[in-house]
Q: 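Got a structure for you, written out below as structure tokens; questions coming shortly.
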Amino acid sequence: MAVPAALILPTPLVPPPSISIPSATTSPPSTTSSPSPSLCLAPPPGTGQNLFRSEHLVSGSPGIPNAGLPPGKPVYSTPSPVENIPQNNECKMVELRCAKVASFTVDGCELICLPQAFDLFLKHLVGGLHTVYTKLKRLEITPVVCNVEQVRILRGLGAIQPGVNRCKLISRKDFETLYNDCTNARLSGMNLLLSKHADVIPPVSNNVHL
């Protein structure tokens with residue numbers, strides 16, 4: 001049986017949600033807010049400065065060993081030992097300042113044992129062998145490094161201590177330069193010491209009668 005249309009209740013209509021429209025007087029968003037992380041991305045290659053270019057790595061930073069050095073110059077270089085061939089390993093005793101020292105002839109140049117020469121002539125002039133190497137660096141003198149066979153021969157001759165496993169050689173001319181430098185430094189130090197003592201010594205009175 002059909003229901004009359006007058007008895008069907010009408011469905012209530014749901015009102016649409018209210019939407020607030022900001023007025024024209026609303027203040028704009030603050031410009032002091034921190035930028036989003038997406039704005040901090042590095043620029044693509046070719047459009048900005050590359051922070052990892054090679055010229056920035058040689059700008060004198062203290063944490064980089066080669067910083068600020070001219071191209072091609074190593075930070076520290078050790079001379080290569082003498083070539084280990086029979087001609088270079090022939091040792092002979094030569095006279096140096098009225099004493100006998102061990103020597104080798106390398107490329108036609110006579111080289112004497114530096115530690116032995118230090119013990120004989122320089123030990124009383126400088127503090128130690130490390131001071132000698134400092135003076136050689138200042139004098140721009142590069143000693144020659146012995147090979148293993150030369151070190152073994154020098155140990156057998158007693159020119160160096162039994163436990164020493166390395167040694168250096170120096171020419172006669174360079175040794176004389178080193179000796180003169182050590183002597184002049186010692187004399188200068190003594191003169192300075194004497195002048196200081198002379199300032200504190202009281203003068204002798206002329207009225208003293210013996």
Side-chain angles (χ1 to χ4, degrees), residues 57-58 60 62-198:
L57 299 178
V58 199
I64 303 175
N66 294 335
L69 293 177
K73 184 176 182 180
V75 179
Y76 179 78
S77 59
T78 304
S80 301
V82 177
E83 186 180 2
N84 194 353
I85 57 177
Q87 295 86 340
N88 294 337
N89 298 336
E90 294 179 1
C91 182
K92 58 182 179 179
M93 303 300 294
V94 297
E95 186 173 346
L96 178 67
R97 290 182 171 270
C98 301
K100 294 291 185 179
V101 295
S103 71
F104 297 93
T105 301
V106 179
D107 295 334
C109 179
E110 184 183 67
L111 302 174
I112 61 177
C113 178
L114 179 58
Q116 186 182 22
F118 166 78
D119 289 335
L120 293 174
F121 307 107
L122 304 177
K123 200 171 187 178
H124 64 288
L125 297 177
V126 296
L129 195 57
H130 62 280
T131 307
V132 170
Y133 290 127
T134 302
K135 288 180 176 291
L136 290 175
K137 185 177 181 180
R138 179 175 55 82
L139 295 172
E140 297 183 353
I141 297 176
T142 304
V144 179
V145 181
C146 295
N147 59 42
V148 292
E149 183 62 21
Q150 290 173 334
V151 172
R152 187 189 65 80
I153 295 174
L154 292 175
R155 283 201 304 258
L157 294 175
I160 57 178
Q161 298 296 325
V164 176
N165 56 6
R166 57 184 177 178
C167 182
K168 293 186 177 181
L169 308 173
I170 190 173
S171 66
R172 283 177 176 265
K173 179 181 177 181
D174 290 340
F175 174 78
E176 292 297 332
T177 302
L178 174 64
Y179 181 84
N180 293 333
D181 184 83
C182 295
T183 304
N184 294 335
R186 177 66 179 270
L187 292 177
S188 299
M190 293 179 63
N191 292 335
L192 181 62
L193 185 62
L194 291 176
S195 63
K196 288 183 178 180
H197 283 290

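Everything numeric in this text was worked out from a predicted model, so none of it was measured.
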Q: OG of S103 to CG of L154: how many Å apart, nearest 0.5 Å?
A: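 If we round to the nearest 0.5 Å, S103:OG and L154:CG are 9.5 Å apart.
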Q: Considering only residues two or more places apart or on different chains, which pairs with a residue in residues 153-169 satisfy salt bridge (charged side-chain N to carboxylate O under 4.0 Å, His left out)?
A: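 The answer is none; no pair qualifies.
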Q: Measure the spacing between SG of C113 and CE of M93 and express it to the nearest 0.5 Å.
A: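 Here the rounded value is 9.0 Å.
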Q: With rounding to the nearest 0.5 angstrom, report the SG to NE2 distance, C182 to H124.
A: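 C182 SG to H124 NE2: 9.5 Å, rounded to 0.5 Å.
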Q: Can you give the donor-acceptor pairs under 3.5 Å from side chains of residues 141-149 to other protein atoms, not counting sequence neighbours?
A:
from	atom 1	to	atom 2	distance (Å)
N147	OD1	E149	N	3.1
N147	OD1	Q150	N	2.7
N147	ND2	V82	O	3.3
N147	ND2	E83	O	3.4
N147	ND2	N89	OD1	3.1
E149	OE1	R152	NE	3.3
E149	OE2	R152	NE	3.3
E149	OE2	R152	NH2	2.4

Q: Which residue pairs satisfy the salt bridge (charged side-chain N to carboxylate O under 4.0 Å, His left out) criterion with at least one member in residues 100-122, sequence neighbours excluded?
A: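 Every pair satisfying salt bridge (charged side-chain N to carboxylate O under 4.0 Å, His left out) with a residue in residues 100-122: E110-R172.
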Q: List the atom pairs, with distances to 0.1 Å, where a side-chain N or O of residues 130-140 and a protein N or O form a donor-acceptor pair under 3.5 Å, not counting sequence neighbours.
A:
from	atom 1	to	atom 2	distance (Å)
T134	OG1	H130	O	3.0
K135	NZ	D181	OD2	3.2
R138	NH2	D181	OD1	3.0
R138	NH2	D181	OD2	2.6

Q: For the side chain of N88 and the backbone of N84, is there at least one donor-acceptor N/O pair under 3.5 Å apart?
A: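 Flag not set: sc N88 to bb N84 has no pair under 3.5 Å.
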Q: Holding to side chain to side chain donor-acceptor pair (under 3.5 Å), I want the full list of residues that pass it with S171, two or more places apart in sequence or in another chain.
A: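 Scan of S171 (side chain to side chain donor-acceptor pair (under 3.5 Å), adjacent residues dropped) gives D174.
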Q: Please report the interatomic distance CD(Q87) to OG1(T105), rounded to the nearest 0.5 Å.
A: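 Q87 atom CD to T105 atom OG1 measures 11.5 Å (nearest 0.5 Å).
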Q: Which pairs, with at least one residue in residues 156-176 and sequence neighbours excluded, count as a ring-ring contact (aromatic ring centres under 6.0 Å, His included)?
A: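 Passing the test, one end in residues 156-176: F121-F175.
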Q: Can you tell me how far the CG atom of L120 sits from the CG atom of L96, to the nearest 0.5 Å?
A: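 Going from the CG atom of L120 to the CG atom of L96 covers 8.0 Å.
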Q: Output all residues satisfying salt bridge (charged side-chain N to carboxylate O under 4.0 Å, His left out) with E176, sequence neighbours left out; order by chain, then residue number.
A: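 Partners of E176 by the salt bridge (charged side-chain N to carboxylate O under 4.0 Å, His left out) criterion, ordered by chain and then number, come out as R97.
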Q: Just grab all the ring-ring contact (aromatic ring centres under 6.0 Å, His included) pairs involving residues 81-108, residues at least two apart or on different chains.
A: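 Those involving residues 81-108 do not exist here.
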